[in-house]
Amino acid sequence: MREELKIDNDQATKEMLESEEYKYGFTTDVDQEIFPKGLNEDIVRKISAKKNEPKWLLDFRLNAYKRWLRMEDPDWAKLKIDKIDYNEMSYFASPKKAPDSLDDIDPEILETYDKLGIPLEEQKMLEGVAVDAVFDSVSLVTTFKDKLAELGIIFCSFSEAVKDHEALVKKYLGKVIPANDNYFAALNAAVFTDGSFVYVPKGVRCPMELSTYFRINAENTGQFERTLIIADEGSYVSYLEGCTAPKRSESQLHAACVELLAHDDATIKYSTIQNWYPGDKNGKGGIYNFVTKRGNCVGKNSRISWTQVETGSAITWKYPSCILTGDNSVGEFYSVALTNNWQQADTGTKMIHLGKNTKSTIVSKGISAGQGQNTYRGLVKVGENAKDARNYTQCDSILIGDKCGAHTFPYIEIKNPSAQLEHEATTSKVGEDQIFYCQQRGMNEEDALSLIVNGFCKEVFKELPFEFAVEAERLLSVSLEGSVG
Amino acid sequence: MLEIIDLHANIEDKEILKGLTLKINKGEVHSIMGPNGSGKSTLASILAGKEDYEITKGDILFNGESIMEMAPEERAQEGIFLAFQYPIEIPGVTNSYFLREALNSIRKSKGDKPLKPVEFVKIAKEKIKDLKMDESLLNRSLNEGFSGGEKKRNEILQMSILNPCMSILDETDSGLDIDALQIVANGVNANRGDDKSFLVITHYQRLLNYIVPDFVHVLVGGKIVKSGDKSLALELESKGYSWLEN
Ligand SMILES: Nc1ncnc2c1ncn2[C@@H]1O[C@H](COP(=O)(O)OP(=O)(O)O)[C@@H](O)[C@H]1O
Ligand SMILES: [Mg+2]
């Protein structure tokens, strides 16, 4: 049954392949409120005031802002980046009418989400997927909230969480990623506007996929969302984020923070399909994506699993990481990163083994085409007390054409001699023989390439929730268009 | 159906085919035999449209029209199939998915509706049964970790599913034990018909006991040096090729 369903969806993938290049590049015309350009203490206060935040949260922001002013942007990544002028963008944009319910949402915006394939009206929604829709700086709506609340699960926008679940937010915010963790995390802590909040209580298995859909719409605006997910003892949750943005010739900044926390015996699966506008064929425009994602397996036997499919953005800088604090805890990182045309990605993970008998798995698949530059950067660290830690790392790169590049930087720090690490790395070119074989069977070159590359990514795609694996395959094919011939 | 006229082809400035002429009519089975390095696989690749070769002279007609300018997939869509001497592995892509993509590409080129997965699986399973192969082959990654024999049989499975009118088999019998050989031969014989032609490249006469050819040609040094009926294969078996080399 499952197999047939799978096959059916392969077909769906194929049918969706008709589209050309970046199809989410449109703009929605809505009446919106935008803060004036520029970043200063006053702006930070204004964001906080806009959201009626408690004093401790304003202090958290101001403290982060002060730290940020004294920090330097990181230059160790293998990325060529034009200097970002932080005073040339706005830090808050929101549709003017704040919706109280779905009926209040501007029809233009509803239509936008329909076009993006994320219908928000309950009757049209994907079965088994609850969605939090974030449009520029605000969360518009969270679906299935009541149904989840019956189980004690909190799934809402970050702003709502601050209002309705202040104690929880206060307890956990910034605990996994301190406000001064790095340049972009500090910036985010100062000016974050919205995002999602999830709390799954003890022993509850969340019955549906939770997902957040991030959409940048406003021009010259940065998006700084913050997500916090807490899985209490023995709970399970699977969460997915998707992202798109309009086509613009100017680059836009996206600097998010995601904090995950898993207590004893809890599991968090976090999947990302990142499809921000990548810029045009000549490298003009596109999103600068600087993201800090980290999970702490604080409880014993807990598990955090990151799966990411990164096909968009002009620049991607992100290292979803796991701190394996609890004994027997497990961290996983499955990644597909694709760079075509002039895209650059420096991405990977950190697995920090602190507890005994902790285990981590890293599977990274890098695809470079056009002039794309793709870097895997990963750290496996085993602390003094982490007896019998194990890591398996597999890092595969595939090159399409001869103007692109793939780079691998694995770092290892071992303080406990009982650690067992395995590392495998391969770099290959998409073989002409493989393409010819497919062509001989009747497929054109582009279909052949997409088939081969999707096969290359299979190990990662199978980690995605089923509905999204199909989307990921489709995205990959679209992103590869124009890279042969 | 297929007409090769005075074909000359180079690879890296070395002339491999030196004036090869061959005509295959509808429904005929031709066999090409010849020593290693005589250019058999080169011929097969050129017919399929591989670009590595420089054609310096000659023409290839398929159903009366030159296919020299056609892309490999167009030739495949027209019904030319090549069973590779060394089938290629594509990790992560199941045999079943690959074949359905292939079949649907061909159907699309003819304006037919693509087959739904369930429809495809039904056809594939029937063919697999006919060929006495193991169903699990469908769900394995394409040719990855297949034994030599499995790869060759899989080529025949692909042939029966794609249902081409001109099949070229490049040493599909090499490395097969007698049972596998019979399976392959049955696959070919089941696909034989008035409007289907075969070009069977082989080293060994024994395959031709099962697939009885209408014509046998000997390729030596990039040219067909002798043609005859199936008895020529027996003669080659006992005498070798050297008496034909000059
Ligand atoms: N890619 C290549 N580069 C250089 N020479 C080649 C290449 N492929 C084949 N050849 C040469 O062409 C000749 C014919 O090869 P092939 O067609 O494979 O012969 P056969 O299939 O009859 O054994 C051989 O001498 C072989 O070395
Ligand atoms: Mg050969």
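In this text the structure is predicted, and so the values were computed from the model without any measurement. By convention in this document, chain letters (A, B, ...) are assigned in the order of the sequence lines, proteins followed by strands, and residues within each chain are numbered from 1.
The contact between Glu432(A) and chain B is made entirely by side chain atoms (from C-beta outward), counting heavy-atom distances below 4.5 Å. For Glu89(B), the part lying near chain A is the backbone, with the side chain staying farther off; criterion is any non-hydrogen pair under 4.5 Å. Contacts between Phe456(A) and chain B at a heavy-atom distance below 4.5 Å involve the backbone alone (N, CA, C, O). Interface remark: Cys457(A) contributes no atoms to any contact with chain B (heavy atom separation under 4.5 Å).
Of all heavy-atom pairs spanning Gly49(B) and Phe436(A), the tightest one is C-CE1, 3.8 Å. For the residue pair Leu82(B) and Arg441(A), the shortest heavy atom distance occurs at O-NH1, 2.7 Å.
When Val93(B), Leu142(B), Ile88(B) are each tested for a side-chain contact (heavy atoms from CB on, under 4.5 Å) with Gln434(A), only one passes: Ile88(B).
Looking only at side-chain heavy atoms (C-beta outward), Asp447(A) and Glu73(B) stay at 4.5 Å or farther from each other. Residues Tyr97(B) and Leu451(A) meet the side-chain proximity criterion, which asks for heavy atoms closer than 4.5 Å. Put simply, the side chain of Asp433(A) reaches to within 4.5 Å of the side chain of Lys50(B), judged on heavy atoms.
No more than 12 heavy atoms of other residues, nucleotides or ligands sit less than 6.0 Å from atom OH of Tyr86(B).
In this structure, the side chain of Gln440(A) engages the main chain of Ile80(B) through a donor-acceptor pair within 3.5 Å.
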